[in-house]
Every structure is written in structure tokens, then in C-alpha cells.
Amino acid sequence: MKREELIAPERYNVVSEMEKYAKETGRKALLWLNEQGDQKEVTYEELMKNANKIGNAFLEQGLKQGDKVLVMIPRLIEAYQVYIAALKVGLVVIPSSEMLRTKDLQYRISHGEVSGVISYFPYTDQFHGVNEFDDLITFSVGGAKEKWRDLDSLMDDHSEELSLADTSREDMAFLSYTSGTTGNPKGVVHTHGWGYAHLKTAADKWLAIQDGDTVWATAGPGWQKWIWSPFLSVLGTGAQGLIYQGKFDPKKYLSLMDEHEVNVLCCTPTEYRLMAKVDNLSEYKLEGLHSAVSAGEPLNREVIDTFQKHYDVTVRDGYGQTENTLLVGIMKDMEVRPGSMGRPTPGNQVEIIDEMGTPVEAGEVGDIAVHLDTPALFKEYYKDPERTKMSRRGNYYVTGDQAKKDEEGYFWFEGRSDDIIISSGYTIGPFEVEDALVKHEAVQECAVVASPDEVRGNVVKAYIVLQKGFEGNDELVSDLQNHVKELTAPYKYPRKVEFIQELPKTTSGKIRRVELRQKENVMK
Ligand code: ATP
Ligand code: MG
């Protein structure tokens with residue numbers, strides 16, 4: 001695919017992709033389930049009609065094209081309807097996870113100059129402490145009180161006809177805040193044209209969605225990953241999306257896949273990892289599954305092997321950021337090299353560069369960078385020209401992650417630039433050590449960081465959460481160290497090991513190595 005094929009028509013609205021399917025009577029759009037066993041289904045036609053009613057309600061209540069709205073709705077069909085409605089009338093959506101608290105909301109509402117809020121009723125109280133609250137146009141779903149407009153009943157008063165706002169491909173569609181793994185979240189500006197580029201990049205060859213497929217992408221609304229997969233890729237290809245509003249449980253996930261004959265699965269590495277550790281995997285068949293992908297953090301080889309062995313499916317890795325779309329990935333039908341996250345996605349110019357901004361040779365570690373001329377890249381950090389500038393080097397946007405490329409152009413992830421460990425002059429990516437550690441039967445999860453050391457500068461330290469039934473003692477420590485020495489270059493083994501109950505994580509579940517590193521520095 002050429003770069004040109006990722007560029008949307010000049011006048012473009014990302015909802016136009018979904019409207020095509022709403023014209024087909026009976027095409028299934030979403031199947032929602034919860035822990036209690038309740039179910040609800042909608043077709044594309046119903047979904048669009050509901051979205052149209054909501055869009056009309058937004059306009060009538062005073063929101064207008066270009067305004068920004070913050071949406072905080074969990075895994076419900078209503079989340080899809082509200083996003084479609086907002087985009088269709090030309091509003092900019094700020095995705096927000098239900099895990100955000102008043103302080104996080106305050107930051108987004110002030111920084112994003114928000115005009116309206118659409119929240120799920122049980123979460124509305126979180127907004128009451130926000131300074132601008134009285135000036136916001138607020139809607140709530142699933143009940144309403146006080147100044148919150150009841151969106152469910154407002155829908156009944158509005159027409160199911162609504163035309164698409166005349167938006168340009170350059171108009172902002174989403175203002176997405178990053179996960180905050182390394183610091184304060186950054187406001188990332190994405191246009192309708194970015195939505196188009198994303199669909200072309202990720203839906204077809206990576207998720208490999210075929211007509212008639214049921215797709216389960218487990219990300220929750222509020223994260224960019226939800227926009228990527230459950231929202232844009234599912235609805236933009238006319239597939240049926242499965243929504244499960246329940247807490248993560250590896251066995252439950254596996255049985256849902258059997259029950260609903262899931263064809264395409266998109267999960268986080270943590271979810272895969274915990275599924276792969278289930279003891280009775282052969283009880284699940286996953287017969288419909290023809291495509292399984294992972295993104296967000298590095299994918300362990302162990303997972304790939306286990307899924308291959310039990311279900312004859314290759315879990316394929318993909319790398320991207322809130323700032324862009326899928327940049328590197330193992331596309332369907334591409335040869336897998338376990339441990340590698342794949343090759344640059346078609347049409348996107350992704351390189352590994354040095355400090356001077358020059359692409360490096362195969363085998364050399366450098367910064368993963370994206371040519372600024374890439375349609376799948378964000379426009380800028382909102383109201384933060386300084387940060388936008390700092391993220392650029394020559395003609396490239398620098399991702400903040402490091403990798404090396406092999407002769408065939410496969411990328412091998414080293415780590416976030418800040419997470420890389422330099423010990424006795426060796427550069428060690430934490431992932432390789434973690435990957436070896438999780439292969440050990442005693443290890444449930446782990447994170448590897450630099451720990452300051454007078455002689456070596458730093459040494460490798462592993463924080464480990466043990467599987468049930470194992471005890472963290474000296475014998476296990478040396479057993480784990482030997483295990484790593486056998487699987488990787490021996491100098492990478494963790495000289496220090498600490499057992500902990502839980503790893504520090506972001507609300508989206510990413511390991512915050514920065515916190516562990518700080519702990520090491522304080523301890524010195
Ligand atoms: P912040 O920028 O606020 O610190 P964040 O970078 O975690 O948070 P996201 O945009 O959600 O926010 O995550 C993108 C990052 O996740 C990438 O820069 C990379 O470090 C990591 N990542 C994503 N996919 C992969 C993958 N397949 N393999 C390894 N790392 C990945
Ligand atoms: Mg980031």
C-alpha cells in the first residue's frame with residue numbers, strides 16, 4: 001500500500017465508513033453481555049438511528065460543530081452511539097476512562113476547553129468537584145439527576161434523521177490523552193483524516209477482519225486502543241463487535257470465546273499472559289478464532305507458543321502509540337519471528353534513527369521514529385508547541401521507544417528510552433530479561449529496572465510477583481538467576497531480585513517501571 005492510499009478525501013468524516021453499513025437491513029453491529037448474563041444486540045441501522053437522535057439532541061441543547069465533549073461511558077452500546085453522534089455533528093471527542101477521578105477530569109476539562117460532558121449515570125458525581133462544572137452542558141446515560149440532562153429520554157424527543165457535518169480531513173476528531181506511563185498525560189490531536197489512515201492500516205491486514213466475523217477487542221472506552229479497534233476497526237469494516245462488561249477473568253474470557261464463536265481477538269499482553277497460564281487450556285476449543293493480535297506492551301514468546309500449541313493460532317504483535325496508529329506489526333500471512341514486533345505497516349514510514357536523525361544500520365539499537373509526512377501520525381500535542389517541538393528530530397517524530405532492526409526489516413523492541421538499563425557499559429533492554437523470567441513456572445508477572453550500583457553504574461533488578469503456591473526465598477532467587485542465564489546472554493541476569501505482591505500499573509494496566517526506578521534511587 002502506498003502512502004497516498006492512506007489519505008482521506010479532502011472533505012471527510014470518519015462516520016461515513018459506518019453509514020455505509022447502516023443502509024443494509026439486519027447487519028449485526030454489536031452484541032453486549034455482562035457478568036450477570038444479560039445480553040443486548042443492535043444492528044448497524046439501529047445503531048445509526050440512535051446516534052442520529054443523540055446528535056440532534058446535542059445540537060438542540062447548544063453544542064455546535066468544533067466544540068469539545070468529554071465522554072465517560074463504560075463498555076456499553078451507548079458508548080458507541082454517543083461517539084458516533086458526536087463525530088457525526090462535528091464535535092471533538094475527548095475519550096475518558098471511568099477510572100479517571102475528579103483531579104484527572106479537571107485536568108482534561110480545563111486543558112481541553114471542554115464544552116460538554118456525556119457520562120454514565122453512576123459516574124456523574126466525579127464531575128461535581130470540577131471548577132467549570134456549572135458552565136458545562138452535561139448529559140447522562142442510564143439515569144439522571146440535578147442539572148444532568150437525561151440522554152435516554154431526550155432521545156425519544158428527537159428525529160432519527162441527521163446529516164453528516166461537513167468536516168475536512170484536517171478537522172480535529174479526537175483529543176486523546178496518553179496513558180501517563182512516564183509522566184503527565186499529553187493531549188494528542190487526531191483528525192478525521194487520521195481515522196481514515198488508521199482504518200486502512202489496522203483493520204484489514206493486521207486485525208484481518210473478514211466479512212461476517214465476530215470481533216472481540218477488549219479495550220475499554222476511554223483509551224486510544226478502544227478507538228483503534230472496538231470502535232473504528234470493528235464498525236468501519238461492518239463486523240459484529242462483542243462487548244463484555246465484566247471484570248477480567250482468564251477462564252471467563254476463554255469460555256466467552258467459545259460460546260460466541262469469536263473469530264478475531266485483540267487483547268493486551270497481560271490478558272494473553274494470564275490466559276496462557278490457565279491450567280486446563282485444552283477444555284477450550286476456540287474453533288472460530290482465525291486472527292489474534294496483541295498491542296500496548298511487548299508480547300512474551302511464551303504466549304505465542306502456548307496459543308500456537310493449543311489453538312493453532314499465531315498471536316501477532318503490533319506496536320503503536322496514542323500519537324499514531326499501528327506503526328509496526330506482524331500482518332496476517334507474514335512470517336512470525338517470535339520476540340519481534342514485526343515490520344513497518346504499509347504506507348507508514350517508520351525508521352530507527354540515531355542522535356543525529358540518521359537511519360542506523362541493521363542490528364544497531366536506536367530510536368523508533370516516524371517520518372513527519374506519515375498520514376497515520378498525530379497533528380500535534382494540544383496547546384503544547386514546546387512538547388511538539390521536543391518530540392521531533394529533523395524530519396522525524398521520535399516515539400521515545402528504542403529498537404533494532406534485522407536484515408529483513410523486522411523490528412525488535414528494546415524498551416522505552418527511559419527504561420533501558422546501562423550496566424558495566426552493556427545496554428540491556430528490560431523486556432528481554434522479563435521475557436525470560438515469565439517463562440519460569442514460579443513467575444506470574446515481573447518488571448525489570450536499573451538499580452544504582454557503585455561499581456557497575458547500574459545493575460539489573462527484577463521485581464517479581466509469584467504464582468500462587470511459591471515462596472520467595474534465596475533458593476528461588478538463585479534458581480531464577482540461573483534460569484535467565486540459560487535463556488539470555490548471562491550478563492543480563494538480575495543481580496537483585498525482590499518479590500512483591502503487585503506491580504505498579506497505570507489505570508490501563510501498563511507496568512510503571514518509572515515508579516520502581518524511583519524506589520531504587522530512594523533506597524540508595
Ligand atoms: P505516556 O506517553 O503518557 O507515558 P504511554 O506511552 O504508555 O504513556 P500509550 O500511547 O498508551 O501511552 O502507549 C504507547 C507506548 O506503549 C509505546 O510508546 C510503547 O512504549 C508501548 N507499546 C505499545 N505497543 C507495544 C508493543 N507491541 N511492544 C512494545 N511496546 C509497546
Ligand atoms: Mg507515550
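No hydrogens, no waters, no symmetry mates; every other heavy atom, side chains included, goes into these values. As the structure lists them, so they are numbered: ligands from 1, and atoms in each ligand from 1.
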For ligand 1, which atoms sit closer than 4.0 Å to a heavy atom of [X]?
| X | answer |
| --- | --- |
| Thr178 | 1 (P), 2 (O), 3 (O) |
| Arg416 | 5 (P), 6 (O), 7 (O), 15 (C), 16 (O), 20 (O) |
| Lys186 | 2 (O) |
| Thr322 | 9 (P), 10 (O), 11 (O) |

What do you reckon, are the aromatic ring centroids of [X] and [Y] less than 6.0 Å apart?
| X | Y | value |
| --- | --- | --- |
| Trp223 | Phe231 | no |
| Tyr83 | Trp226 | yes |
| Tyr311 | Tyr284 | no |

- prompt: Does ligand 1 have an atom that lies less than 4.0 angstrom from a heavy atom of Gly320?
  reply: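 Judged by the 4.0 Å heavy-atom criterion, Gly320 does count as contacting ligand 1.
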Who's the nearest protein heavy-atom neighbour of [atom], and how far?
| atom | result |
| --- | --- |
| atom 20 (O) of ligand 1 | Asp401 OD1, 2.7 Å |
| atom 4 (O) of ligand 1 | Thr182 OG1, 2.4 Å |
| atom 7 (O) of ligand 1 | Thr181 OG1, 2.4 Å |
| atom 26 (C) of ligand 1 | Glu297 O, 3.4 Å |
| atom 11 (O) of ligand 1 | Ser179 OG, 2.6 Å |
| atom 29 (C) of ligand 1 | Pro298 N, 3.3 Å |

Heavy-atom donor-acceptor pair, [X] side chain to [Y] backbone, under 3.5 Å:
| X | Y | answer |
| --- | --- | --- |
| Arg169 | Ala8 | yes |
| Gln481 | Tyr493 | no |
| Asn263 | Thr214 | yes |

field: Which residues share a salt bridge (Lys or Arg N to Asp or Glu O under 4.0 Å) with Lys332, sequence neighbours left out
entry: none
field: Candidate with minimal heavy-atom separation from atom 27 (N) of ligand 1, of Gly318, Ala295, Gly296
entry: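 Among Gly318, Ala295, Gly296, the closest heavy atom to atom 27 (N) of ligand 1 belongs to Gly318.
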Proximity winner for atom 30 (N) of ligand 1, if only heavy atoms of Tyr177, Trp223, Phe413, Phe411 are counted: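 Ranked by closest heavy atom to atom 30 (N) of ligand 1, first place is Phe413.
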message: Between Asp367 and Tyr396, is there a side-chain donor-acceptor contact under 3.5 Å, judged purely by atom types and distance?
response: no
message: At under 4.0 Å between heavy atoms, is it the side chain or the backbone of Lys510 that contacts ligand 1, or both, or neither?
response: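 Within the 4.0 Å criterion, Lys510 contacts ligand 1 through side-chain atoms alone.
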message: Do the side chains of Lys505 and Glu445 get close enough for a salt bridge, i.e. N-O under 4.0 angstrom?
response: yes
Can you list, pair by pair, the side-chain donor-acceptor contacts under 3.5 Å of residues 201-209, counting residues two or more places apart and other chains?
unit_1, atom_1, unit_2, atom_2, d
Thr201, OG1, Ala197, O, 2.6

query: Is any N or O atom of Ser294, backbone or side chain, closer than 3.5 Å to an N or O atom of ligand 1?
result: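 For ligand 1, there is no N or O atom that lies under 3.5 Å from one belonging to Ser294.
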